[in-house]
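Working notes, beginning with the structure itself.
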Amino acid sequence: MSEAPKTRPKVPEGHARFVRTRQKEPTETGYVGYETIWESFQKEVPYTTPKKP
């Protein structure tokens, strides 16, 4: 077996309609995490009181 160090390949940034994922840098133990960025898909409208009859 080869004695090469275990490394994860660099993964390109992922794009979907409302979410993006990108790979984080490895930690001291070699753990590679992923960052998830959610974009808002709902619009917020300021509340206005209804007209009185």
Side-chain angles (χ1 to χ4, degrees):
M1 299 233 176
S2 66
E3 295 297 324
K6 294 181 180 180
T7 58
R8 298 274 304 185
K10 183 67 178 163
V11 178
E13 189 172 314
H15 296 278
R17 187 170 180 193
F18 297 112
V19 68
R20 288 186 356 224
T21 56
R22 65 176 90 140
Q23 186 176 9
K24 293 183 179 179
E25 294 297 320
T27 60
E28 307 86 42
T29 59
Y31 175 75
V32 178
Y34 295 90
E35 181 180 12
T36 305
I37 303 158
W38 288 94
E39 297 175 15
S40 177
F41 53 89
Q42 292 181 336
K43 295 181 182 178
E44 285 191 32
V45 179
Y47 178 77
T48 57
T49 55
K51 288 198 255 181
K52 293 185 178 182

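None of these values were measured; they are calculated from a predicted model.
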Return yes when atom OH of Tyr31 has more than 12 non-hydrogen atoms of other residues, nucleotides or ligands closer than 6.0 Å, and no otherwise. no
When rounded to the nearest 0.5 angstrom, what is the spacing between CD in Glu35 and CD in Glu25? 11.0 Å
Side-chain heavy atoms of Arg20 within contact of Glu39, under 4.5 Å: yes
To check you understand the geometry: which heavy-atom pair defines the closest contact between Gln23 and Val11, and what is its length? OE1-N, 2.7 Å
Over all atoms of both residues, closest heavy-atom pair of Arg22 and Ile37: NH2-CD1, 3.1 Å
Greater than 12 external heavy atoms within 6.0 Å of Phe41's CZ: no
